[in-house]
Structure formats: C-alpha cells, structure tokens
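Take a look at the structure below.
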Number of protein chains: 2
Amino acid sequence: MSQEESTEVCRRRRVHPESIAQVRASEINEDTARGLAELFRILGESTRVRILHALSCAELCVCDLSELLEMSPSAVSHQLRLLRANKLVRFRRSGKNVFYSLDDEHVEGLLRQGTEHVLEERTS
Amino acid sequence: MSQEESTEVCRRRRVHPESIAQVRASEINEDTARGLAELFRILGESTRVRILHALSCAELCVCDLSELLEMSPSAVSHQLRLLRANKLVRFRRSGKNVFYSLDDEHVEGLLRQGTEHVLEERTS
DNA sequence: CTTATATATGAACAGGTGTTCAAACGTTTG
DNA sequence: CAAACGTTTGAACACCTGTTCATATATAAG
C-alpha cells in the first residue's frame with residue numbers, strides 16, 4: 001500500500017481505488033463480455049433488426065424476406081447466415097424453400113427492451 | 001421461360017402473401033428500427049460493453065476506466081462520447097475529474113438479458 | 001502568471017463489414 | 001435426363017469504425 005510510485009514503469013494516476021476494487025470484484029468473465037458484445041454487434045444493424053422483427057411476426061422463407069425488405073435474396077441470405085451462426089434464428093427446409101423463425105424468446109425480449117429505451121430516448 | 005409474368009419489370013417470386021401481410025400489418029416505424037439498430041450497434045463492441053459493465057458497479061472517472069480496461073484515456077474518452085450521445089451514460093464534472101454512470105435501468109436490463117442468451121447459447 | 005493533471009477532440013490509419021455480382025448447390029418439375 | 005426455382009457461397013469493393021497520436025481545453029496547484 002505504498003503511496004510513492006516512482007519506480008513504476010507505468011506511472012499511476014490519481015484514481016479511485018475503492019471504486020476500482022468494487023468493479024474488479026464483480027468482473028464478468030472475459031469470454032462472456034466478448035460473447036455479449038458479439039451478440040449486440042449482430043443485433044446492431046438495421047437489415048438484421050428488420051429481419052428479426054419480421055420473424056417475430058411470422059415464419060418466413062428467404063423470398064418472403066427478400067420481398068419485405070426490398071433486398072436481393074443473396075443479401076438476405078448473407079445476413080441470415082450471421083443470425084444462424086449466433087443462434088438467433090432457426091430454420092427448416094421444406095421443398096425448395098427454407099423457412100426461418102426466431103430461435104428463442106430472449107431475442108424478442110431484447111428487441112422489446114431496446115425499443116423501450118429508444119422511445120424513451122426520443123421523448124426526453 | 002414461358003410464364004405469365006413477362007410484363008412485370010420486377011418479376012414476382014412464389015412467396016407467401018399471408019405471412020407477408022401479417023408482417024406488414026405490425027411493421028414498426030422506420031425510425032424506430034433505425035434507432036434500435038443504432039442502440040445495439042453501440043452496445044456491440046467489447047470496449048463499450050466493458051465500460052458499461054464497470055459503470056453498472058460504480059460511478060467512475062475516465063482515469064478509473066482507463067486503468068480498469070488498460071487502455072489510453074483518449075480511447076476511453078472516445079467511446080464515452082458515443083455512449084453519451086446515445087444516452088447510455090450520464091456524467092458530472094467534479095474538479096478535474098468527470099464521473100460517469102449509467103443513464104437508466106434499461107441498460108442494465110439489456111446487459112442482463114443479453115448475458116442470459118450468451119450463457120444459454122454456450123450450454124446448448 | 002506558469003505548470004501539472006484530467007479530459008476532450010480531430011486527423012489518419014488499419015482492420016472489419018454489408019452489398020453486389022457471378023457462380024454453385026439442392027430440390028422439384030417436365 | 002434437363003430446365004427452373006430457391007437458396008447459398010466466395011470474391012471484390014466501397015464504406016465504416018476503433019485506436020493512436022498530437023493537440024486543445026478546463027480546472028487546480030505552485
């Protein structure tokens with residue numbers, strides 16, 4: 001607990017050790033933080049948000065989504081790939097079509113809670 | 001090539017009109033979708049996730065965060081600027097320090113719900 | 001005043017990302 | 001079988017974003 005810091009290679013600033021200790025005590029797992037950021041990164045793109053919103057209304061094939069979003073099937077498929085890899089949507093093949101739907105209820109919860117924040121942000 | 005669509009500029013595919021109508025009926029506001037994506041985009045970066053997690057434990061100044069994240073004050077400040085602009089954190093000046101904290105409880109809720117998804121994703 | 005500390009900001013650069021395009025794959029139909 | 005359809009995939013390209021660096025601002029101390 002010595003106060004002098006001159007021998008330190010990296011000079012210390014006048015921080016708030018109690019607060020820092022408090023944070024360090026409840027530090028989340030490094031992997032969890034990374035996974036969390038990854039999840040939100042996937043959600044953080046308007047095309048993917050629109051896809052997820054659409055799928056929260058109905059199970060849809062790539063063509064349906066392509067028409068709804070007015071985008072090429074290829075572009076939609078690329079985004080669905082990402083959503084699939086992150087376990088946000090599931091899919092089933094039926095003949096020539098592949099139908100997508102939301103994977104679990106967490107996704108809807110995140111969208112709902114996010115919407116609340118956005119709307120509140122507007123009014124204040 | 002002989003099908004009855006040749007007059008359409010944009011050729012229609014065999015989609016599922018009922019499902020599409022169902023989605024269109026509950027289509028969210030364009031601005032809301034954009035704001036939602038923007039919110040998640042801000043949350044979708046590991047540095048910012050770590051900052052928000054730290055602030056969920058204690059009110060911290062830039063130096064504290066800089067030490068916790070082992071990053072330059074400049075890098076931290078740049079990210080805080082983004083978080084501030086999106087109403088995710090608030091701040092108050094006290095002498096030479098500027099203390100940051102979470103802006104509302106929605107942020108903690110989003111982090112918690114996101115963590116649930118990530119952990120569940122691991123176990124399945 | 002000058003100096004030191006804490007924070008903010010703008011430019012620049014490297015790395016990442018979404019869309020387009022062309023081509024492939026899988027399934028159904030003729 | 002071949003042709004058509006729905007979907008996927010890889011490469012290319014333009015755009016965006018996080019960090020670094022240098023510099024500026026603000027407050028406190030000498």
Side-chain angles (χ1 to χ4, degrees), chain A residues 5-6 10-16 19-20 33-34 37-38 40-52 59-86 89-100, chain B residues 1-6 8 10-16 19-20 34 37-38 40-52 59-86 89-100:
Chain A
E5 81 306 357
S6 43
C10 164
R11 262 182 273 160
R12 293 269 164 248
R13 303 179 201 81
R14 297 210 192 86
V15 292
H16 306 83
S19 302
I20 290 182
R34 215 191 312 277
E38 176 75 357
F40 285 128
R41 188 182 68 80
I42 297 299
L43 292 173
E45 210 273 327
S46 62
T47 297
R48 291 191 289 268
V49 166
R50 292 168 70 203
I51 289 177
L52 292 174
E59 185 189 48
L60 298 166
C61 72
V62 179
C63 263
D64 296 336
L65 286 167
S66 171
E67 174 140 336
L68 272 166
L69 307 194
E70 295 178 343
M71 292 177 60
S72 71
S74 173
V76 172
S77 183
H78 273 297
Q79 301 307 331
L80 285 170
R81 186 165 147 77
L82 273 176
L83 294 172
R84 234 164 44 201
N86 284 270
V89 301
R90 66 166 77 90
F91 64 103
R92 65 179 177 88
R93 178 175 274 278
S94 169
K96 283 184 285 191
N97 290 303
V98 176
F99 289 93
Y100 284 84
Chain B
M1 34 174 109
S2 57
Q3 203 142 337
E4 58 199 82
E5 35 54 77
S6 41
E8 272 286 340
C10 164
R11 261 182 275 162
R12 290 273 164 247
R13 303 179 200 83
R14 297 209 193 86
V15 293
H16 306 83
S19 302
I20 290 183
R34 215 192 313 275
E38 176 75 357
F40 285 128
R41 188 181 67 80
I42 297 298
L43 292 174
E45 209 274 326
S46 61
T47 298
R48 292 192 288 268
V49 166
R50 292 169 69 203
I51 290 177
L52 292 174
E59 186 189 49
L60 298 166
C61 71
V62 180
C63 264
D64 297 335
L65 287 166
S66 173
E67 174 141 336
L68 273 167
L69 307 194
E70 295 178 343
M71 292 178 60
S72 71
S74 173
V76 172
S77 184
H78 273 296
Q79 301 306 333
L80 286 169
R81 185 166 148 75
L82 274 175
L83 294 172
R84 233 164 45 203
N86 285 270
V89 300
R90 66 164 78 90
F91 63 103
R92 66 178 177 88
R93 179 175 273 279
S94 169
K96 283 182 288 191
N97 289 302
V98 176
F99 289 93
Y100 285 84

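We name chains A, B, ... by the order of the sequence lines, and we start the count at 1 in each one. Remember, predicted model here, so these are calculated numbers, not experimental data.
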Between CG of B/Asp64 and P of C/dT5 the distance, given in whole Å, is 17 Å
Where do B/Glu45 and A/Ala37 come nearest, in terms of heavy atoms and distance? C-CB, 3.7 Å
Round to a whole Å and report the spacing from CZ of B/Phe40 to P of D/dT17. 17 Å
Do nucleotides 9-21 of chain C as a string where each nucleotide becomes B, S or -: B if the base has a protein heavy atom under 4.0 Å, S if just the sugar-phosphate does, - if no protein is that close. BB------SSBBB
Under 4.0 Å, counting only non-hydrogen atoms across every strand here, what does A/Tyr100 touch: a base, just sugar-phosphate, or nothing? sugar-phosphate
Per the end-axis method with five pairs at each terminus, what is the bend angle of the helix from C/dC1-D/dG30 to C/dG30-D/dC1, to 10°? 10°
Any donor-acceptor pair under 3.5 Å linking the side-chain atoms of A/Arg92 with those of A/Tyr100? no
Stacked cation flag A/Arg84 on A/Phe91, 6.0 angstrom / 45 deg: yes
Do any N or O atoms of the protein come closer than 3.5 Å to N or O atoms of nucleotides 23-30 of chain C, and which pairs are they?
none

Please name the pair of heavy atoms, one in A/Arg50 and one in A/Leu68, separated by the smallest distance, quoted to 0.1 Å. NH2-O, 4.1 Å
Value for OG1 (B/Thr47) from CG (B/Leu82), rounded to nearest 0.5 Å, stands at 11.0 Å
Between D/dT19 atom P and B/Glu70 atom CD, what is the distance in whole Å? 14 Å
Nearest 0.5 angstrom please: B/Leu43 CG to A/Leu43 CG, how far? 9.0 Å
So which atom in A/Arg48 and which in A/Leu83 form the shortest heavy-atom distance, rounded to 0.1 Å? CD-CD2, 4.0 Å
Looking only at heavy atoms, which two atoms of B/Leu60 and A/Ser19 are closest? And how far apart? CD2-CB, 3.5 Å
Shortest non-hydrogen contact from B/Pro73 to B/Val62? O-CG1, 3.9 Å
If you compare every side-chain N and O of B/Asn97 against the phosphate oxygens of C/dT7 (OP1, OP2), does one of them come in below 4.0 Å? yes
With side chain to side chain contact (heavy atoms under 4.5 Å, CB included) as the test, would you mind laying out the steps for A/Met71 and A/Leu65 before giving the verdict? CA-CA 8 Å; A/Met71 292 177 60; A/Leu65 286 167; over 6 Å; no
Can you name the closest pair of heavy atoms from B/Ser94 and B/Phe99 and give their distance? CB-CE1, 3.8 Å
Taking atom P of C/dA6 as reference, at what distance in whole Å does atom CG of B/Leu60 sit? 15 Å
